[in-house]
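In what follows, chains are A, B, ... by sequence order, proteins preceding strands, each numbered from 1.
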Protein chains: 2
Amino acid sequence: MLLCILSIIICVVGLYLLFEAMYGRYTQELGVYAKEEAARLRDGGGPRRGASVRGRAAQILEYEKDPCAKCQLCASRCQKFLISRVGEDWIFLILLGLLMALVSWVMDYAIAFCQEAQKWMYSGLDSNMLLQYIAWVTYPVVLITFSAGFTQILSPQAVGSGIPEMKTILRGVVLKEYLTFKTFVAKVIGLTCALGSGMPLGKEGPFVHVASLCAALLSKFMVALFGGTYMNEMRNTEMLSAACAVGVGCCFAAPIGGVLFSIEVTSTFFAVRNYWRGFFAATFSAFIFRVLAVLNQEEETITALFKTRFRLDFPFDLQELPAFAVLGIACGFGGALFVYLNRLIVECMRKQKTINKFLLRKRLVYPAMVTLLISTLTFPPGFGQFMAGQLTQHESLVALFDNRTWCRHGVAEEFEYIGHSHGWKHPHVNVFITLILFIIMKFWMSAVATTMPVPCGAFMPVFLIGAAFGRLVGEVMATMFPDGIHADGRVYPIVPGGYAVVGAAALSGAVTHTVSTAVIVFELTGQISHILPVMIAVILANAVAQSLQPSLYDSIIRIKKLPYLPELGMGHHEKYNIRVEDIMVREVRYITLSSSYRGLQEVVQTSQLKTLALVESQESMILLGSIERIQLQSLLSIQLGRQRRLDHLSQLAQDNGTQHHHHLSSLASDSTPSSPCIDPHARITNAAAAPAAAAAATTTTTTTTISEWEEQQLDDPVDFKNCKIDPAPFQLVERTSLHKTHTIFSLLGLDHAYVTSIGRLVGVVSLKELRKAIEGSVTVTGVKVRPPLASFRDSGNSTNVSDITDLHKLWVRHRGHSLPREPTPPEKKAITCQKCIWFDIVKASIGF
Amino acid sequence: MLLCILSIIICVVGLYLLFEAMYGRYTQELGVYAKEEAARLRDGGGPRRGASVRGRAAQILEYEKDPCAKCQLCASRCQKFLISRVGEDWIFLILLGLLMALVSWVMDYAIAFCQEAQKWMYSGLDSNMLLQYIAWVTYPVVLITFSAGFTQILSPQAVGSGIPEMKTILRGVVLKEYLTFKTFVAKVIGLTCALGSGMPLGKEGPFVHVASLCAALLSKFMVALFGGTYMNEMRNTEMLSAACAVGVGCCFAAPIGGVLFSIEVTSTFFAVRNYWRGFFAATFSAFIFRVLAVLNQEEETITALFKTRFRLDFPFDLQELPAFAVLGIACGFGGALFVYLNRLIVECMRKQKTINKFLLRKRLVYPAMVTLLISTLTFPPGFGQFMAGQLTQHESLVALFDNRTWCRHGVAEEFEYIGHSHGWKHPHVNVFITLILFIIMKFWMSAVATTMPVPCGAFMPVFLIGAAFGRLVGEVMATMFPDGIHADGRVYPIVPGGYAVVGAAALSGAVTHTVSTAVIVFELTGQISHILPVMIAVILANAVAQSLQPSLYDSIIRIKKLPYLPELGMGHHEKYNIRVEDIMVREVRYITLSSSYRGLQEVVQTSQLKTLALVESQESMILLGSIERIQLQSLLSIQLGRQRRLDHLSQLAQDNGTQHHHHLSSLASDSTPSSPCIDPHARITNAAAAPAAAAAATTTTTTTTISEWEEQQLDDPVDFKNCKIDPAPFQLVERTSLHKTHTIFSLLGLDHAYVTSIGRLVGVVSLKELRKAIEGSVTVTGVKVRPPLASFRDSGNSTNVSDITDLHKLWVRHRGHSLPREPTPPEKKAITCQKCIWFDIVKASIGF
């Protein structure tokens, strides 16, 4: 209760900030933020990102800095420390579980409170329909607008689900600002408000993000407490993947399903040794989460969230299985349609320039409008009466999973209106009509609502729609076979609630491309009697949905253009026949051991690559390693830098004996146009030396000497002594299949790999080429192999395909002279293509 | 029924073979087999095995031979083929599921029939106790002896669980003869007999093997039907991992648990994209398996195998959780003890030379003796009456999972003797005593029985013991709190059956080191209401067991010395601080590009390595690739081979014009001692030329010319043109942590990796070094870091540790001159160390 009040106070403060922001300060702030962000990216972001996506083997040098290396003298202390770490793992996971359970419980409490408040307002005003309507509509609009504004101001990274981002982070890419305390606050409060509004939004995606935030913050806290132990990057990844499991696990109180779902959704290759971490933390979290409910006297003991009471003896007949299979296939199509619809809405809004411009200027108008529309349609005395409008998601689900049959013998006479089931009853309308309307309306509403820029997931709405669809099929079956299908002996009537469970699992499985939703429903309902129908339906739904559309999370990854490698789908066997030679870039920019600084300068100036290959010589082309661009720049700036200039000048001064101090500083100010180094420190020094340089602007003779000196310096062979070389950039052999390349890239989290042939560098493959190849623009021997049912997919991805073709053209054109392996530098792109409404900020912040 | 009769006929035929074998032919055959096996290993096994464990990147060249490359003309046909392959995956999995379900069902039927036959015999002879005893004892002895003999003769690879072998195979090592039709027949029939005997043996390990055999055979069949599609090695691995899931899944009718269990047990890194395969096949298989039961009128509809009927409303109280936790911890200790005991028995028998020699000569005596002992002790009118001796495993489990309390208020008065529960009732003995005796007796019996050389697993016996232990704890709890713990309101008595479920999951989880046993029990019992107690107990049991002992499967891997990399355990954080430099071998045998044939010869003669590094030159040491030993040998034999000798001689003959044909052939016969090539083809040629050589034995002058010529030839620089070079052997960088090295080795299934520093070769790490480092003989800065509770483990592994020390000594001694990276060549070892009873044959067959 106290916490609810606290959160309300925070909300009020946030609301004040919001109103201030709405008029002026807000847009200004955003502009400043974007600029700062871009500047930060240009300065420090580049190399750091480069480092993060380099081959894992090379990361070791940076990340796995031995904590004991510093204290080699105190070996015994070190040993104690090592042993104590064993315990720390457990402590960390327990703390994480505890924290998430508390967060989850408090949020549930706050959300329930918000929803109760709406109900109370609504029912208190039942004298006047108009007032009632205004109360019904205003409440969610205010909450959603607040949520959108609050997250925008505090941390735009908190917008959306979080699973796509976590998938990217777990792949080894560092997304900036995604795991900060600000984001945590924004996500928790924004999500509470968004869910409290009663919109068809889910919490399981954001919970994954919140749990990861908890883990990251806890990790930082532990570092502060115990020292550098938690700095290890591998450990962080392990902990983050456990955190994802905890997020799903305590959202549904489903530890097993949570672990499996998080594995399926976030991982490509899963280390089985991390399995127990997820299980342990998720179980602990789910346990605490349910214990809190018991302690709060809400429940008598620990039970499932949506407990069902289907009969155990004869849950379903063998002959009902075809109906379950049809339900699964229908859910597969439905899931694909949902993903398609969701993407269509986002892309539509991006393309329509007038809408886009308007929405970009008034960012909070879109969520407000959507909320207004949805809440108007669900207004219970209005259209809402035909679609159970007054029920919350939780209430609807409880009703749909009910073990009684709503509609026997074709009429709804025997339908007992206990609990929340009355929401489905309308005096004039059949329960079938109500269900169908509910499904159709909720379907597009959920697809639209999940595009709002608030922290929200799509799992729960989809789950609800699936349950409703399953209930519909179940009721139809119950009407068709009023005495059950089983012929001999006792009569076992059909259980429509079982169909609802199956439908829920199948549709949510189809949208997310997971089979572990089956486990989640078992844990949610506390019954496993329908295991075979659920499994059959989920697998069929997955098969259909996977051949039609990417998963919702992959779709979001594509929309947000996150640096992620798409999965090889189920039936992509042509990948075995594409070789790495077919997709690699043959003209690699390289440096030789005998390069001069001039060559270095040229390479740095003409290419945009983050890392460059180092070969032995132009003739042998034996790959020795790779060097980061920033390292080369620093090499150049050392060679042509202030210190050497000063040394040279003092030398000159000694020789001539007649030099002024002026000339010295002008020479040292490094103002020649040919200088390639963009060292920020150097710039600061230059700024300090600027007045002196201005005073000495006329000394042209010295300048010529300088350029001569520079030319000399550039002809020197490069001294690689002080340069950090990655000694083992990942190498692939010629003739490696695309399938294997994909496996290696995803296994090791690579960004690029050099293709070698007996030590000789012959090409390079980066994520971009691989992504293109997987998405199908590269074909085997010129014939494009189309996977079955590809037509539906093509229409959905038309923009992506054209995108790729454009890039390809750009490539071919540029290949002759400058070869920009990344033809559109990411930062620029984010600034120029202001098509989207809110994604640009997100993109800018992640450097894409 | 028909099938049972068929299997009986097969058994009879087998029995005939057995008796024939027992007297003479058998031992002879085995000797021949061992020799053949050894010869095969020497000739072809070496390179093939070498090929199989080489870096994955290099395998591509061999395995991923494009099936379309041959038919580049028929591009359209090829395209059709590719598209049809999408369907083939499904077809394959469906066929696999169907096949396994049928196999499983038929075997279940046959096993039940065998057990019924024993019961029938036993109850038919109840007039005479002695006859009854003889019938009770003879039946299992005959069955087990037949099973042991049959598998020994047909395929010794069928012995044991199969999970350790599958784990090794899925890591990329090819175990010969493990996936043949012979093994399939031996495994299926041997397992049926072994389980039919009523010994405490399990079927889930062998089922994994049987399913993999099915997949491998089906794969071969598909190749014959559809052409070379199924030859792809990656696909085979994918299919095998699906098959493992099917095996567990249809053994317990538990698709989800099966998939998870097989992942935990066989994989180190799991590719999430293979997830659906396992789920699909396992679900289909479990479905068919249960449908067969329904069609056979055994069941009314599809339900769980060991269905429980615990109450749903209040399954357990919050205050019972500590009891569940204690149960879990106790099961953890029990599981570790079981693994320890099992290994102790094997090692004891190996060490005791007299026992060992005796058992080695009379291979079938050991299983017969063990069976006699166990069946004597379980004889129902004898000691068996105190430990429910007459119940089969299935019946015992059904009774233990019963939802009624056996013992209320401290006395067993209210215990209703329905169904199989009467087995637990003794007129004079308390039910507690029966349970305790059952647990203790079954514990050591299972540990002993699983060491018999028959196809058998240990999962089911352990599961049963766990259930009995859980039931014991539950009954104690019910006695202590007769009115339940819950204080206010209604009285909910304690459910001891729930404790039995928890105990079963915890103990089997502890023995196998898996958490998915939790899911298996839910699917087995059809109830998920006890999810939290089960999860808590399983996790605690795992935590305890993992810190004490390796898992049963890892223990068997160690006993059998399979080439597998041990897991990094839970708390092994010191691995982060060991670097690859600490464990690598610094003196690497290499060849340079400018090597002469003499150098080649020296390297080939002095080292035992399978592959050798190729560097640019001795000065630069830049790693260019690796070459297989066999390639070098063939290079040498070409250089000094018959053809070149003849050429040289004809040249000589042309020069001199006075040479006899005799000399020619003697020269060509390649009989000089310095010849290093052991090419079998060359030998055959030599044998043909031998008479000629004998005739020309006196032509010493020619011989001197020959040796001169040879010396000349050896001084030539090597021509690497016709040599297959692996252009990208896996490289690690200096300072890579042991943790990361382990990850990379297990991810990519490596056998060895070169350690490089900026392209320069500095060392090599092989599986052996890595294994040693992980098992703890390499320490950080000289101090051995002992994991907590390590004392128990050390005593268990004492032989292994001493083994390692011995090897290490050998190493240090040899390092000076010859550097045998594999000091005891595997084949020799298998022949010389005839300590074990049946493992030697297994070892010989797998090349270790």
Quiz item: Picking from B:Ile528, B:Thr525, B:Ile263, which has the most non-hydrogen pairs under 4.5 angstrom with chain A?
Solution: B:Ile528

Exercise. Might you point out which heavy atoms bring A:Phe287 and B:Ile536 nearest each other, and give the distance in Å?
Key: CD1-CD1, 4.2 Å

Practice problem: Under 4.5 Å heavy-atom distance to chain A, tell me which part of B:Leu540 shows up: side chain, backbone, both or neither. | Solution: neither

Quiz prompt | Closest-packed option against chain A by number of heavy-atom pairs under 4.5 Å, given B:Leu260, B:Val291, B:Ile531 | solution = B:Leu260

Quiz item: Which answer fits B:Ile256, side chain, backbone, both or neither, if we ask what part of it has an atom under 4.5 Å from a heavy atom of chain A?
Solution: side chain

Practice problem: Drop me the distance from A:Gln527's CD to B:Phe522's CZ, to the nearest 0.5 angstrom. | Solution: 14.0 Å

Practice problem: Quick one: closest heavy-atom pair of B:Ile539 and A:Phe279, and the distance? | Solution: CD1-O, 3.6 Å

